[in-house]
Each structure stands twice: as C-alpha cells, then as structure tokens.
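Below is one structure, written out as structure tokens; comments come after it.
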Amino acid sequence: MSALYVVFEVDGRLAAFDAADVQSVIEIEDIYPVPQSPAWVAGLTAMRSQSLTVIDCRLALELPAAETPGERAPVVKVDGHQYAIMVDAVDDVLEARSDVLPVPGGFGAGWKRIGKGMIETERGPVLLVDIDALIAGPCAKAA
Amino acid sequence: MDDLLADFVAESREMLEAIGGEIVAWEAEPGDRARLDAIFRFVHTVKGNCGFFDFPRLEKLSHAAEGALAEVRAERRTPDSRLVNAVLAIIDRITLMVDAIEAGEELPEGGDDFLIAALEPDTSDTGETVAMQAATTQARSTGGNNAAPRTIRLPVELLDRVMSGVSDMVLARNDLARRLREAGAEPTLDGPFERLNGILNDVREAVTKMRMQRIEMLYNALPRLVRDLSAELGKQVMIDLDGGDVELDREMIEMMRDPMTHIIRNAIDHGIESPADRLQSGKREIGLLSISARQSGNRITITVSDDGAGLDCAKIGQKAVAAGLLSDTELAAMPDDQVFELIFEPGLSTAEEVSSVSGRGVGMDVVRANIERVGGSITVTSNKGEGTQFHLQIPLTLSIISALTVSAGGQRFAIPQSYVEEIVHGGARAIEFSQVGETRLMTFRERRTPCISLAHALGLGANEVGQKQKLVLLRLGPSQLFAVAVDTIHDQEDLVVKPLAPAVMQTGIYAGTTLLDDGHPVLMLDVPTLAQRNGLNAEARTRATVPNANGNKSEADKTRKVMTFTGFDGRRKAIGMELVVRIDQVAAEAVDRSESGDKVVVGDTIYTLLGLEPGCKLGETVRLLRLSDSQSELSYAVAELEESVDLVEAIKPTPEEPGLEGVVLHGGQPLRVIDGFALFARHACQPVQLDRPSCRIPGDDDWASRMLQPLIQAAGYRIAGEDEEGADIVIAMDSHAETAASDAAACIRLYSDPDEAARKGDGVYRYDRTGLVDALRRARQEKVA
C-alpha cells in the first residue's frame with residue numbers, strides 16, 4: 001500500500017485524512033466568527049485571497065473546545081467550498097501500511113459518525129476520517 | 001434579425017467545413033450512399049434556412065441541387081461525373097454567397113440559371129460545366145480570404161471557470177495591493193503592478209461581457225408560452241416584446257425565468273378578460289401583453305403590462321382582511337397603490353376560481369422573494385379596466401454586488417446596496433427613539449419605523465439603539481421600511497460575492513461572503529430573512545405604516561409633493577406629483593409639431609403634447625411627463641427633469657398668468673407651479689389608440705403568405721382577414737392584378753418580372769424589398785396624416 005494520509009491529533013488521538021483530499025496545510029491567522037452559525041463553524045479565514053470556512057474538529061465531534069487551538073490546519077475542498085479544519089496538531093504525512101480496516105470494538109460515540117475505518121501506519125493505528133461527515137457536523141447524525 | 005443571420009452563416013459554414021471532405025470523397029466515388037446523404041442533408045438545410053430569410057437565389061440553387069440529389073437517392077438517376085461537377089459547382093456557389101452575406105455585400109451576380117441547368121440530365125455540353133467551375137473557383141479565391149470563422153462555441157462551464165478565475169485574480173490583486181501598501185513605496189514594483197492592475201481590469205470587463213446575454217434568450221420562449229396558455233384558457237392574447245437587445249448576466253436570465261413565467265401566467269389567467277367580456281367593455285377581442293426591458297445604469301427594468309381588467313382594489317382588500325393580514329379600518333385608511341402591493345403578501349389569490357394555470361395563493365409572494373433574493377425589486381401599478389403593470393428592477397449581474405460595509409458588535413458585515421434607502425446618524429435632531437414592548441421604534445420624517453440593532457439580531461450584543469449609532473434605513477417593499485442600527489458605516493464598494501459553505505448558509509441570515517481589499521472576509525447579510533427573523537413580517541410592517549398614514553394626515557395636508565423640472569422656456573417649474581403617472585423618453589421623431597397643437601406618439605398611442613415652446617430645438621430624445629387626471633392623459637415635455645420635492649412654503653397665487661397655480665420659493669429660487677386643473681380643463685381628451693393599418697394579401701398564394709406576410713407585418717401592418725372588408729391597403733400579385741379589390745384605400749401591385757414592373761411603372765418587382773417597404777411606409781403615412 002502506498003496511499004498517503006495526512007495524520008493529525010485530536011483530543012490525544014491520531015486521525016487522518018486521505019492526502020488526496022487535502023489541498024494544503026495552512027497556518028490560520030485570524031478567524032472571523034460567523035454569528036448565529038452552528039458551534040462547530042469557527043468562522044471564516046482568508047487564505048491567499050480566498051475565504052475559507054473554518055471547522056473546529058473538536059466541536060464537530062462534540063468534544064470540549066481546545067484550550068490552545070493548533071496552529072496549523074489542513075485545507076479540504078467539499079462541493080466547491082473550501083474548509084480549514086482546526087485540529088490540535090498536524091502530525092505528518094504518512095504512508096499506510098494496511099488497507100482500511102474495521103475497528104475491533106467500534107469507535108465510540110462522536111467518532112463513529114466521522115470514522116471510515118482504521119489504517120495501520122508507522123505511528124500505529126490511525127482513524128481515517130470521512131471529511132463530508134465531519135463538515136456536516138453533529139446535526140447530520142439525526143438525518 | 002442580425003443574430004439569426006449570423007447563426008445562419010455560422011451554421012452553413014460549419015456544415016460546409018464538415019462536408020468538405022465528403023464532397024471530395026463523393027467525387028472520387030459517386031456511388032457512396034453515405035456521402036451522398038451528407039451532401040443531400042446540407043443542401044436541404046440550406047434550402048430550409050433560406051426560406052426563413054430573404055435569399056431567393058440561394059434557395060433556388062439549393063432547391064435545384066436537392067432535387068437532383070433526391071433523384072439519385074431514389075435511384076432514378078446515376079451520379080455521373082457531370083452531375084457531380086454540377087452539384088459541386090452549386091456548393092461552391094453557396095459558399096461564395098454565404099461569404100457575401102456575411103460581408104454584407106451584394107450576392108455575386110448571375111450565372112445561377114446556368115448552374116441549375118447543368119444539373120439537368122440532358123445537358124450534354126460538359127465543356128461548359130468545366131468552364132463554369134473554373135469561373136466560380138476564381139471568384140472564390142478572390143472573395144474567400146475572410147473565411148475564418150468569426151465565432152466559436154464554448155461550453156458554459158468553461159466561461160464560468162474563467163469568470164471565477166478572474167474574480168479570484170481580482171481578490172489576489174487586492175491582497176497584493178494591500179501588502180505593497182504595507183511594505184511602503186517600492187517604485188520598481190509599483191510600475192509593473194499598475195500595469196497588471198490595468199490589464200486585469202480590462203480582462204474583468206471583457207469576461208463580464210462574455211457572460212452577458214441578450215434578454216432575447218428570456219423572450220424566445222414567451223410567445224409559445226402565451227400561445228399555449230391563452231389557448232388553454234380560451235382567451236386571445238397577443239404578445240409584444242421590446243428591448244430584446246438589452247444584455248444581462250446569463251445567470252440572471254435564468255433567475256428571471258420563473259418569476260417572469262409566473263407573472264405572465266397571472267396576467268393571462270387573471271388579468272386579461274375573455275374575448276366576450278373584452279368586447280362588452282369596448283376593447284379589442286385580442287388582449288395585449290407587452291414586455292419591455294430597459295437598462296438604466298447597472299440595473300435593468302423589465303415591465304410586464306397587460307390591457308386587461310386591472311387589479312380589483314376592493315377584492316384584494318377583502319381577501320387581505322379575510323386572510324387576517326390587516327383589519328377593516330386599516331384597509332379603509334390605505335391608499336389604492338398600497339392595497340395593490342398586498343398581492344405580494346403570502347396567502348392572497350384574487351382569482352374567483354382557482355385554475356390549473358395559476359395555482360392557489362402561492363405565487364406573487366414567491367415571485368417577490370425570488371426577485372429580492374437576486375437584489376431586485378418588483379412593484380405593481382394598475383388602473384381598473386385598463387390593465388396592470390408589473391415593474392421589475394434587477395441588477396445586471398449576480399456575482400458583483402454593490403454593497404455597504406458596516407460594523408456591529410466589533411465585526412464587519414456587508415448590506416446589499418439595493419435595499420439601502422438612506423443612512424442617518426442616530427444623533428440627528430430629526431430622529432426620536434421610542435420603545436413599545438420589546439420593539440424599538442424610531443420616528444424619522446414623520447414616519448414610525450421599526451428599528452433593530454444589528455449586533456443584537458446577530459447575538460453579538462444588547463438591543464441598544466441609540467444616538468451613538470448610525471441607522472441604515474432598509475426598504476423591503478415599496479411601503480415597508482425598517483432601520484438597522486450599526487456602530488460604524490465604512491464604505492460602499494463593489495464586492496465579488498462568493499457562496500458560503502452549507503453549514504453557514506443554514507443560518508439563513510447570510511447571502512454570501514466576500515473579501516475586502518484589506519483581506520478581511522466579510523459576510524453579506526440576507527436582508528429579507530433578517531427582517532423576518534426579527535418579527536418584521538408582513539403584518540408588522542403593514543401595521544407600522546398604516547397608523548402613520550392615518551395619524552399624520554393633517555400634517556401631510558400641509559405639504560405637497562411636486563415634481564420639479566426645467567421647461568423648454570428655460571424656467572424652473574413644478575407639477576403636482578399626484579398627476580404624474582410616468583416618465584417617458586421618446587425619440588424626437590415621435591413628436592409631431594403643428595400649429596393646431598403638438599402631438600407625440602408613445603408606444604401605440606398619440607398624446608396631446610404640452611410644454612414645447614414655438615421654435616425650440618429638440619435633442620435626439622425628449623423626456624415627457626405622462627400626466628393623468630385618472631380619465632384622460634396628457635404628455636408634458638420637459639427640457640430637464642429634476643426631482644420630487646415636498647413643498648412647505650405657501651404658494652403665492654399668480655392670477656395674471658393663466659395655467660399657473662402660483663409661484664413658490666424653493667431652494668432660494670422661484671418655482672412656478674403648474675395648475676393641473678386648468679391644464680386638464682383645457683387639454684383633456686382621450687388619447688387616440690393608434691390602430692395598426694390592415695393589409696390584405698392574396699390568400700391563396702403560398703409565396704405571399706410565406707415571404708410577403710412577415711415583411712408587411714414588420715412594416716407595421718396587420719394582415720387583414722380573408723373576409724374582412726375595407727382593408728387599408730391591398731397587395732395584388734401581377735397574375736391577379738385586375739381583380740384587386742376597389743374598397744381599399746391603396747393598392748400595391750407586385751410583379752414577378754422586374755422588367756415588367758419597370759415598364760408599367762405602377763408597381764414593384766416582388767423581390768425589390770426596399771421598393772416594397774417604401775410603398776408600405778408611404779401608404780401608412782398617408783393614413784396617419
């Protein structure tokens with residue numbers, strides 16, 4: 001297996017996006033909040049003169065907000081909209097050493113909705129995140 | 001017409017290019033059926049298209065070639081080399097003619113009969129065919145140097161990609177400009193950056209134009225829609241489309257399609273009466289639905305008007321009361337035009353019976369919402385028994401929106417300029433604040449307007465509305481106003497608006513996002529939703545305005561609204577606003593000046609024209625005020641139109657000047673107020689409907705109905721019915737010339753032979769287009785005079 005994954009840390013756990021889905025990793029400077037928007041939408045930010053929607057990964061997982069948000073954020077594009085995903089820390093780009101595997105014992109509540117499966121890497125097992133589900137936020141759970 | 005012609009040329013070119021190879025292959029192997037079919041299709045299409053245009057020679061040629069090829073296809077003839085040569089010669093000639101059409105030149109003269117004769121199986125002289133071919137080839141090489149296609153077809157997605165690329169470039173440019181500013185003066189960079197700037201602006205303008213389409217695209221489907229609907233409803237409706245060359249954004253055309261369809265459905269279903277009812281009320285059986293488009297600045301005005309029964313004020317009022325939109329007393333206090341606006345409220349449908357065509361109460365409110373969504377507005381005017389007019393105002397393009405940037409609760413937001421009515425400082429003396437329950441009200445210009453704090457509405461702060469803030473007055477409908485209190489007002493700028501991510505769109509209060517020049521993302525507010533979320537729904541808005549109209553009546557009596565203008569005598573004048581129904585602009589030719597009184601033609605109607613001074617010079621166009629006393633209409637020409645003002649000062653009567661009510665001081669200058677009563681007392685008369693003159697053409701003649709009819713209609717005539725008596729003009733073909741009816745005012749004879757036409761001198765050769773059009777115009781002028 002030679003597929004590449006962008007591995008990041010959320011709430012002490014490792015998770016990953018398919019590297020093909022990640023356009024870049026940026027350092028978020030200023031976040032402009034969007035009043036009345038769902039909690040997991042942290043706001044808007046500008047990247048190279050484009051505006052991105054910033055998604056707080058912790059809040060999307062219904063975890064408590066981070067005390068010090070990570071500085072770097074992967075940028076993904078879904079349905080023509082660009083999102084910066086706020087995570088605790090961007091770890092590395094790693095090669096998968098296995099196919100996407102089901103997790104023995106399940107993911108647990110918040111993670112279940114966004115988890116596609118597990119991959120083995122040199123850093124150990126990593127949860128593969130379904131970007132669409134992450135961006136849809138906890139509301140989509142009901143649907 | 002020019003567009004159609006360009007399409008014809010482009011299509012013929014494309015096909016010629018495509019069959020270029022086929023022709024050569026067919027020449028090598030005349031028995032090849034597939035090749036033969038391709039060439040047959042080509043000449044057939046050309047023939048069909050020619051019938052559409054006025055290219056009889058082209059039609060004749062392609063018809064002859066089609067005939068010969070059909071013989072071959074039916075295997076009644078074998079394709080020998082002579083036939084192949086003759087067909088190829090004809091195709092060459094077609095190419096030549098298409099070139100000439102495109103260049104706008106006369107078609108190359110002569111030789112067609114010769115080419116057609118060469119197709120005949122019994123032509124034996126092959127030598128001539130070869131000579132003929134040589135001649136056409138030569139002609140082709142001299143005229144064929146502009147054969148490169150002028151247009152290419154592109155997928156729309158590609159255009160969109162280019163457009164969004166350019167938008168991004170604009171944003172990147174702004175970003176770069178900001179960084180350059182921050183870095184301080186850098187002469188080596190400033191020069192190239194300025195150049196880049198200029199180029200980018202040019203490209204942006206060009207790309208914007210690329211996305212523009214003529215509103216004809218919207219119009220094209222309408223005649224069919226009207227035809228189908230009127231047939232379904234048993235009505236007769238004629239559609240008149242004007243201003244098809246107005247251009248607007250392709251996307252905007254798509255956005256307007258549904259609202260327009262809906263308005264037209266309503267007009268035909270509810271507006272225009274059945275033929276019997278129309279006859280009874282003294283109208284023509286056929287209803288007229290006219291749609292016109294005009295561009296003014298960066299906005300387009302589309303007017304849809306019908307000559308039907310008009311809106312029924314009483315019925316709308318009853319429905320509104322029944323639907324609980326307002327109370328009887330409120331209705332009684334409401335002026336008619338405000339009642340008409342109620343049709344845009346949810347839950348109103350005025351049709352007695354709900355038909356399949358225009359549903360049940362869902363409708364005009366959705367139309368208004370859709371139009372406002374794209375930054376437009378819609379209003380309605382109506383005269384009972386005379387018809388209804390819908391006026392739609394829409395911006396030219398969706399992607400660039402002129403907006404006001406404001407700050408509230410420490411954040412910046414953009415408000416589409418189209419909603420902004422006025423900006424006032426909270427500290428201004430003319431403003432009073434009050435609070436009723438939780439609702440904040442502000443009184444400005446004797447109008448009590450609900451006021452919301454933007455910061456509070458967005459959950460960023462307390463519901464503070466006070467003197468430190470700036471108030472942006474936003475207009476939702478023609479009579480619905482509300483104020484938004486913000487901390488700071490920054491600027492008005494043109495913003496490239498991008499869609500928001502779905503999670504943000506869900507909130508409903510934002511319409512998009514954009515980056516400002518300084519690189520900050522800014523949210524564009526969705527004004528109607530914002531108002532709705534804050535309880536400013538239809539009910540509240542109506543309630544807020546009606547007591548006002550009532551309570552301040554005595555004060556309103558003191559002021560008079562007048563329209564000020566400069567007359568052709570160079571004096572500043574004013575006329576009561578209540579008389580002015582609309583402002584027209586006509587070409588100077590539409591004005592007919594004479595001793596007995598000036599007239600002007602606006603649309604299809606002749607009005608008495610006032611306001612001109614003897615011997616005064618007119619510009620290319622003349623601005624007119626259409627005045628109405630509700631019975632009759634007059635037109636008043638003005639040299640320069642000013643504004644509408646409220647007169648507070650008393651008018652000083654001037655009995656020595658008849659026609660003047662008096663003089664009033666306005667802005668330190670005397671303003672002469674025209675006496676509307678005297679004006680109508682002297683000049684009132686019904687405008688004359690300009691009947692289209694009728695023209696009878698030979699009914700049993702295919703050529704006449706196919707070729708002549710469109711030409712005559714284009715010249716402003718209608719075609720008289722078979723058994724209609726007393727047509728204004730009769731067209732007689734030479735074969736029937738003697739039977740021409742004598743009851744007509746005028747008769748035009750057509751001859752199929754130019755020589756005969758010249759010899760007899762009393763008619764026109766039937767393909768002499770200019771001659772024919774001239775003759776028609778002369779006859780029409782005689783009638784009008």
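The sequence lines fix the lettering, A, B, ..., with proteins before strands; numbering per chain opens at 1. Note that the coordinates shown come from a computational prediction; the quantities given were computed from them, not determined experimentally. Below, each value reflects all heavy atoms present in this structure, side chains not excepted, and no hydrogens, waters or symmetry copies.
For the residue pair A:P38 and B:A503, the shortest heavy atom distance occurs at CD-O, 3.4 Å. Pairing each heavy atom of B:Q411 with each of A:P33, the nearest pair is NE2-O, 2.6 Å. Here the closest heavy-atom approach between residue B:Y510 and residue A:P35 is recorded as OH-O, 2.5 Å.
For the atom pair NE2 (A:H81) and OG1 (B:T513), the distance works out to 11.5 Å, reported to the nearest 0.5 Å.
At most 12 heavy atoms of other shown residues, nucleotides or ligands fall within 6.0 angstrom of atom CZ in B:R161. The environment of A:Q23 atom CD is dense: over 12 non-hydrogen atoms of other residues, nucleotides or ligands sit within 6.0 angstrom. Enclosure of atom CD in B:E182 by more than 12 non-hydrogen atoms of other residues, nucleotides or ligands within 6.0 angstrom is indicated. Around CD of A:E71, the count of heavy atoms belonging to other residues, nucleotides or ligands within 6.0 Å does not exceed 12.
Chain A forms the most heavy-atom pairs under 4.5 Å with one residue out of B:V170, B:L176, B:T507, and that residue is B:T507.
Both the backbone and the side chain of A:V34 come within less than 4.5 Å of a heavy atom of chain B. B:I509 touches chain A through its side chain: at least one heavy atom from C-beta onward sits under 4.5 Å away, while N, CA, C and O do not.
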